[in-house]
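Note: hydrogens, waters and symmetry copies are ignored here, and every other heavy atom, side chains too, is used. All figures in this text were calculated on a predicted structure; none of them were measured in a lab. Residues: numbered from 1 along the sequence shown.
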Amino acid sequence: MGRDTTQATYQVIVIGAGYAGVSALHAASTYLRPNEKMLVVDQRPGWGGNWREQYDFVRLHQPYEHFTAFDQDWSLDQPRTYLAKRDEVVDHLRDLGERVRGNQALETLFGHRYVGHRDAEGGQLIATLVSEDGVKREVRTKRLIKATGYNVQEKAPLRFTSNAVQSLTPAELARGPIETNARYFVVGSGKTAMDTVLYLRRTVPNAKVTLIAGRGAMFVNRDRAFPSDRMGRYFGGKTFVELTLDFATRWDGQNHAELMREALREGSLISPLAEPHSCQLGLLSEAERTNVMDTVENVLPGRLVDVQDRASNAVIIMENGAEYIAGSPSKDPIIFIACTDNLDAFEPEPLLRDEGRVLAPQSPLLFTGPSATFLTHAWFLGKLDTLAPRLKRPPTFGNGSSEDKSALLAGASLVLLHNTLLLQDVLPSELFLKDKSNVISWFPVHRRLLMNLAMKRHRKRIQHQAATLLPGHHYPETKSQRASSSKVHIRAIAANGLSFRARCANLGAADTGIILLHGFPQTSAAWEPVLNAVAEQGTPVVAFDQRGYSAGARPGRVDDYRTENLVEDVMAIADAAGFERFHLAGHDWGAAVAWYTALQYPERLLSLAALSVPHPVAFADAVENDPEQQEGSRYFQFFRQRHLPELLFGSFDMAFLRNFLSDLPGHQVEDYCRVLSEDGALTATLNWYRAMDMRPRLLDPNIKTPVLFVRGKDDKELRHAGVVRQRPFMPEDYRELELDADHWLLERCRDRILSELMDHWARSEEDRALYPRATSKSRG
């Protein structure tokens, strides 16, 4: 295998150029600047995904306008009821991709398989792609979307013992030539089978067709779901939402067959078969059903096992032991067409992984395009991290699925409504109003309003049903999510007369531990990767939302946020956690508090790690005398003003703050914005700046604790001058690192920071004998 080691860098890579891929691409592009690069990768030679490989006579089952990426119109000029053909669908998907290219720095890499990814410096990923001729290519990206949808594959012909019959796929049938005097056996009763029967009706005069129906499929009645006349759209029909609501709210886990029979009787579901047993959400019109019934001569219920040659006849062998004579191949050609499921059951993967940098939208909304659209929006808006564990996974409906396919419609209806309501809770309502792929947009405004009201009215019932009937239908968690849920817990810690929200693990396991301090405008969530790694080792650790960030620790005076109060909070947390001595690490403002704590309580500290912010005396000297640091600290004066900073950060659902933090993990940004939107939180956290001593004077500025200091060389707010000025105050055990990153070290260099901290803490533990043993009494 060859290798191309050129590493281009992208803001987003989308794997997949089909319906899911172009939907994710459109959603992601709305959050990027025009010059930010995107890449689409697909193993096929162009846009279109699996539609490129489908049989020639395949058509959409829903009206074509609803098969699109979010709000995008088709270039096709056809009546609203038109069912687009394969080539028209491929053209539309190509058109959707090229529209993004017209507004965005978009590149495509077709004929390449995605085979995996790995971490890279600066919080990036390196994706590995392999071309058809085996050349490996590696590309860098900040975000990766695996939008391959259901990854439908073309079916192979069925294999039989008989050598006298022909076995074809629908694609092979379409390529012809057509045998006009053949006996056709269509194996299957779903969407592909209906397409094939209708194709034979159009192309073979007086076609002799037998349907081998398996369990027998039923379909949503397209005439009722998409009524073509004005009166039907305004007042008639039974919308897809109404049908799914009926199944979702009335299903008790056992009565799905009864519900389907009732829907068949009243016409919401239809089938050309006398006794159908399953529904996979395909659509069929009443005219199509009539044409299928007029074309099919015989229906054989059950599952086909084999076709054997006996004397002069071909004999069909069924799974239940029944046998049927197909005919004599010597008289008329006998052709079997494989129309069974062309979806293979696949194991779901986590919706998010790699600290939120990889999204696999899959199908929480059943249909891959809308799923990719809305999950991508939630991802970029920082909503998906907390939402993903609550989303339900649809029942598996591919080949190899062990789930009861007869319950598919009920289970899928429940999942669709449950997940839609969750997404409506966190996404802007205008996204749903503009979505043209949503089938309710077929109807006028008053019908849409009634459908939405019905969903919300049944909300509690839907939630109860989902929790009761689908308890295990969750997407899998990543290793770090499992570690976080099992090891790290959020709890309140009473300390220094206040109550702090803290992320903790293994407290009580030892009288030493680790305390982690966050900066502005973050919370303790910034330390999650470090927390999870430390928790896995069994080490006691605490990262707490500091004064102003915790709702129970939000005093009202500016002086309450002076440094001495912040230091006392740290020591009170250490006492509450049972730490006689502890390692202390801080980033940004957390680093500043850590420096002061180390100066005041050196006997309690095992080590100090400061990220980004240097020693307070050295930093104050740089602010006073270094032009670059003066420029970097100019924002201090704005933050120290009254009211204006709160107005900037708090307006329009914290739009400025969300944009400022847009490159950080979404679930963390959501945590930061949620905390800062609490009553009084913005003013309290900005009071740190208003209370800060711009010219600290310390009796003894020398640090007596082992120190690790890390700075990003591209940090525009904290320049190098302060680092140089702090060196005379450092102990003999002092390590200084400058990384290829900006201010957000915990996010950009996660693995490197974790490795350096672990090494620093381990070395400091070895040197504990250098320091006198102390207890909490040392504070007084």
Side-chain angles (χ1 to χ4, degrees), residues 14-27 40-70 72-76 78 82-101 108-114 132 145-156 169-175 188 190-196 198-199 222 280-283 337-344 346 361-363 365-373 397-399 436-437 439:
V14 178
I15 308 299
Y19 187 29
V22 297
S23 297
L25 177 68
H26 265 267
V40 173
V41 179
D42 199 293
Q43 62 186 1
R44 298 172 177 88
W47 297 100
N50 72 81
W51 279 90
R52 299 178 64 90
E53 300 161 354
Q54 294 307 302
Y55 44 96
D56 289 349
F57 52 86
V58 68
R59 303 183 78 178
L60 288 174
H61 267 206
Q62 72 267 46
Y64 74 100
E65 291 178 338
H66 298 289
F67 189 88
T68 193
F70 187 49
Q72 297 296 298
D73 290 321
W74 281 63
S75 301
L76 197 62
Q78 291 286 353
Y82 181 71
L83 308 179
K85 302 173 185 176
R86 181 197 64 185
D87 290 347
E88 292 168 332
V89 173
V90 172
D91 288 344
H92 180 57
L93 294 174
R94 181 187 301 112
D95 188 24
L96 292 175
E98 294 305 323
R99 290 179 199 178
V100 175
R101 197 195 301 272
T108 53
L109 193 60
F110 297 128
H112 282 72
R113 289 185 298 109
Y114 159 79
E132 291 178 348
I145 307 177
K146 297 168 66 176
T148 53
Y150 287 122
N151 199 22
V152 178
Q153 302 295 318
E154 182 180 347
K155 276 295 183 187
T169 65
E172 291 170 334
L173 175 71
R175 288 194 289 267
K191 176 183 184 299
T192 304
M194 297 300 104
D195 286 348
T196 301
L198 293 171
Y199 173 72
R222 188 188 299 115
Q280 295 190 8
L281 300 179
L283 292 158
I337 307 165
C339 298
T340 52
D341 291 341
N342 59 350
L343 291 177
D344 288 325
F346 56 89
Q362 298 166 92
S363 55
L365 298 180
L366 304 188
F367 306 103
T368 61
S371 295
T373 291
F397 54 89
N399 287 330
K436 293 182 178 178
S437 68
V439 295

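When every heavy atom of S23 is checked against every heavy atom of T68, the shortest pair comes out as OG-O, 4.4 Å. For the pair T196 and C339, the tightest heavy-atom approach, listed with the atom from each and the gap, is OG1-SG, 3.3 Å. Nearest heavy atom pair, residue F110 against residue A17, reads CE2-CB, 3.8 Å. Nearest heavy atom pair, residue P361 against residue I145, reads CD-CG2, 4.0 Å. In terms of heavy atoms, L283 sits closest to H61 at O-ND1, 2.7 Å. Of all the heavy atoms in G149 and T368, the pair that sits closest is CA-CG2, 3.6 Å.
Taking CG from D195 and CG from D56, the interatomic distance works out to 12.0 Å, rounded to the nearest 0.5 Å. From H112, atom NE2 reaches atom CD of Q43 across 12.0 Å, with rounding to the nearest 0.5 Å. Considering CZ of R94 and CG of L96, their distance stands at 11.0 Å, rounded to 0.5 Å. Here the straight-line distance linking atom CG of D73 with atom CD of E65 works out to 7.5 Å at 0.5 Å rounding. The distance from atom CZ of F367 to atom OG of S437, rounded to the nearest 0.5 Å, is 10.0 Å. In this structure, CH2 on W51 lies 5.5 Å from CZ on F67, to the nearest 0.5 angstrom.
Within the 4.5 Å cutoff, the side chain of V58 has heavy atoms near those of the K191 side chain. Using a 4.5 Å heavy-atom threshold, the side chains of I15 and T148 count as touching. Residues P370 and Y19 meet the side-chain proximity criterion, which asks for heavy atoms closer than 4.5 Å. Inter-residue side-chain proximity for T108 and W47 is flagged as met; some heavy-atom pair is nearer than 4.5 Å. Put simply, the side chain of Q72 does not reach to within 4.5 Å of the side chain of K436, judged on heavy atoms. Within the 4.5 Å cutoff, the side chain of R52 has no heavy atoms near those of the R86 side chain.
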- prompt: Stepwise, does the side-chain contact (heavy atoms from CB on, under 4.5 Å) test hold for V14 with V41?
  reply: CA-CA 6 Å; V14 178; V41 179; over 6 Å; no
- request: With side-chain contact (heavy atoms from CB on, under 4.5 Å) as the test, would you mind laying out the steps for L281 and L366 before giving the verdict?
  value: CA-CA 10 Å; L281 300 179; L366 304 188; 3.5 Å; yes
- request: Output, in order, the C-alpha distance, side-chain angles, deciding distance and verdict of side-chain hydrogen bond (donor to acceptor under 3.5 Å, both in side chains) for S75 and H92.
  value: CA-CA 7 Å; S75 301; H92 180 57; 6.0 Å; no
message: I'd like to know whether D91 forms a side-chain contact (heavy atoms from CB on, under 4.5 Å) with D95, so could you lay out the CA-CA distance, the side-chain angles of the two residues, the decisive distance to 0.1 Å, and finally the verdict.
response: CA-CA 6 Å; D91 288 344; D95 188 24; over 6 Å; no
message: Run the side-chain contact (heavy atoms from CB on, under 4.5 Å) test on N50 and R44 for me, step by step, so that the C-alpha distance in whole Å, both residues' side-chain angles and the decisive distance to 0.1 Å come before the verdict.
response: CA-CA 8 Å; N50 72 81; R44 298 172 177 88; 3.8 Å; yes
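If you check the side chains of W74 and E88, you find no donor sitting under 3.5 Å from an acceptor. In summary, the side chains of H26 and T373 do not present any donor paired with an acceptor at a separation below 3.5 Å, with no hydrogens or angles considered.
Environment of CD in E98: crowded, with over 12 heavy atoms of neighbouring residues, nucleotides or ligands closer than 6.0 Å.
Judged by a 6.0 Å distance limit and a 45° cone about the ring axis, R59 is not positioned over the six-membered ring of Y64.
Residue Y55 is tested with I337, T169, T192 for a side-chain contact (heavy atoms from CB on, under 4.5 Å); the sole match is T192.
Salt bridge K85/D87: absent, no basic N to carboxylate O contact under 4.0 Å.
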